[in-house]
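All values reported here derive from a predicted model rather than from experimental measurement. Chain A is the first sequence line, chain B the second, and so forth, proteins listed ahead of strands; every chain is numbered from 1. The analysis underlying the following values was restricted to heavy atoms, covering all of them including side chains, and did not include hydrogens, waters or symmetry mates.
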Protein chains: 2
Amino acid sequence: MSSTIPTLGFAILSVLARADSTGYEIAGRMRNPVARFWTASHSQIHTDLRRLLEAGLVGYTTAPGPGPQEKKIYSITAEGLDALRKWVTEPPRPQPERDELVLKTYAAWLADPAALIAMFRTALRDHEGRLAEYEAAWASVEKEAPAFGTPRFGNMAALRCGLTYERHRADWCRWMIDQLSSSLNPSWDASYPSEA
Amino acid sequence: MSSTIPTLGFAILSVLARADSTGYEIAGRMRNPVARFWTASHSQIHTDLRRLLEAGLVGYTTAPGPGPQEKKIYSITAEGLDALRKWVTEPPRPQPERDELVLKTYAAWLADPAALIAMFRTALRDHEGRLAEYEAAWASVEKEAPAFGTPRFGNMAALRCGLTYERHRADWCRWMIDQLSSSLNPSWDASYPSEA
DNA sequence: CATCACTATGTCAGTTCTTACATAGATAAG
DNA sequence: CTTATCTATGTAAGAACTGACATAGTGATG
């Protein structure tokens, strides 16, 4: 084929395979806790929707919209579903690892430990917040035990990854805070009253 | 300032803060296990090095090179070190989460479980391989217990993150394989000999 | 002796993505 | 009554990045 579908295209198809949506709703669904793994701005989603449309992988019906343009409710076509099914089991291409916090960590030896502690505490709070969200969602999905072949199975599987990811991240942040704290006060391990 | 430094610029500075390097060497150091968190192609690194040079954050000396051009050994300037130090403790901007394997997982309910198992087994092998690398590196860095203020502290901290990340990933892949296996053979939990 | 991998720099076309701009109705909060 | 937020679509400039091309010496493998 002349035009290849970018990964975002498949992310869009993955959303549409569950429910017909407007471009705006697709963006929202990708920001939702269970599906927070390929976020994109609405402008990029609109661009890629047009390409999916040209490739015949999606279609749409119109409805009156709030703005000057009509609202377009997109749905996946049979060809789109085929393409998505085929793509799912293809080996993922090696991802470029890009993590700003780890990069900062790599250069952390140059900076002020106290400022670093503050930064990691903020990161820890974020991760703990998301972890709580995921754990609540997990509790309900685990009881349900969704069967393979239903969309809820996909939710559960992605959620499981998010859950253990946030756990690992929070643990690592705590470890960093510990390391940085003991570098501020090297005699922490002596732990006897300072005003004896 | 008119031109902002992209994150890759700081990744380059982080490498140069440890040792003077050619553009080629920077790319290599960013591919190295301990620093696998902001990879980039050499073409992008050359582009950003020129911008860092224009901003006065790096300098270079030349030496005879293998190709038609001279080899340029870059080093970080005092201004570059200042900029890097300042950047390190600034809160990281929210990262766009993009994970192709998790995206495939979200759509996994549409595909063939056997093919998915094969895909996750491959992913598991990759993660276990990197985990073994990281664990070996960790054993040596832990004995050393590098002090804050030395580059080895940065190595240790980044390595720690990579280590627990690969652990979480490998665990998740194993969990996925279990889930998918039991969907293939739903009576696995009965576990009595099939040829009794 | 040929071929391959490694070292080393650079350009260029094209893709992907971000950010800002532009429009506009409904609904809720202050 | 004003302001903000949510719904909803789109354009356009520019940043960031990929992948292919181009050049060329050294050293190792076969």
**Study point:** Plane angle bin for Phe120(B) and Trp172(B) - parallel if under 30°, tilted between 30 and 60°, otherwise perpendicular
**Key:** perpendicular
Check your understanding: Which of these, Arg130(B), Arg160(B), Arg125(B), Arg36(B), sits in a salt bridge (charged side-chain N to carboxylate O under 4.0 Å, His left out) with Glu166(B)?
Key -> Arg130(B)
Check your understanding: Under 4.0 Å: is that the gap between some side-chain N or O of Lys71(A) and OP1 or OP2 of dG25(C)?
Key -> no
Revision key, fill the gap. Looking only at dG10(D), dA16(D), dG10(C), the nucleotide nearest the His46(A) side chain is dG10(D)
Check your understanding: How is Thr47(A) classified with respect to the nucleic acid when contacts are heavy atoms under 4.0 Å: base, sugar-phosphate, or nothing?
Key -> nothing
Practice item. Would you classify Thr22(A) as touching base, sugar-phosphate or nothing, given that sugar-phosphate means primed atoms plus P, OP1 and OP2, and contacts are heavy atoms under 4.0 Å? Key: sugar-phosphate
Review point. Which comes earlier along DNA chain C counting from the 5' end, the contact point of Pro66(A) or that of Ser43(B), where each point is its nearest nucleotide?
Key: Ser43(B)
Practice item. Compute the centroid of each ring, for His42(B) and then for Tyr24(B), and state whether the two points are separated by less than 6.0 Å. Key: no
Practice item. Give a yes/no on whether any side-chain N or O of Ser41(B) is located under 4.0 angstrom from OP1 or OP2 of dT18(D). Key: yes
Point to revise | Cationic N near anionic O, under 4.0 Å, Glu128(A) to Arg174(A) | key: yes
Review point. Any idea how Phe148(A) and Phe153(A) line up, ring-wise: parallel (<30°), tilted (30 to 60°), or perpendicular (>60°)?
Key: perpendicular
Point to revise | Presence of Arg98(B) side-chain N/O under 4.0 Å of dC17(D) phosphate oxygens OP1/OP2 | key: no
Check your understanding: Do NZ/NE/NH1/NH2 and the carboxylate oxygens of Arg167(B) and Glu135(B) come within less than 4.0 Å?
Key -> yes
**Study point:** Closest nucleotide among dC17(D), dC17(C), dT9(D) to the Trp38(B) side chain
**Key:** dC17(D)
Exercise for review: Compare the minimum distances between each of dC17(D), dT16(C), dA24(D) and the side chain of Gln44(B), then state the nucleotide with the smallest one.
Suggested key: dC17(D)
Check your understanding: Where each residue is assigned the nucleotide of DNA chain D containing its nearest heavy atom, which of Arg50(A) and Gln69(B) is assigned the position nearer the 5′ end?
Key -> Arg50(A)
Close N/O contacts between protein and nucleotides 2-6 of chain D (under 3.5 Å):
none

Practice item. Looking at every strand, decide which applies to Pro68(A) at a 4.0 Å heavy-atom threshold: base, sugar-phosphate, or nothing. Key: base
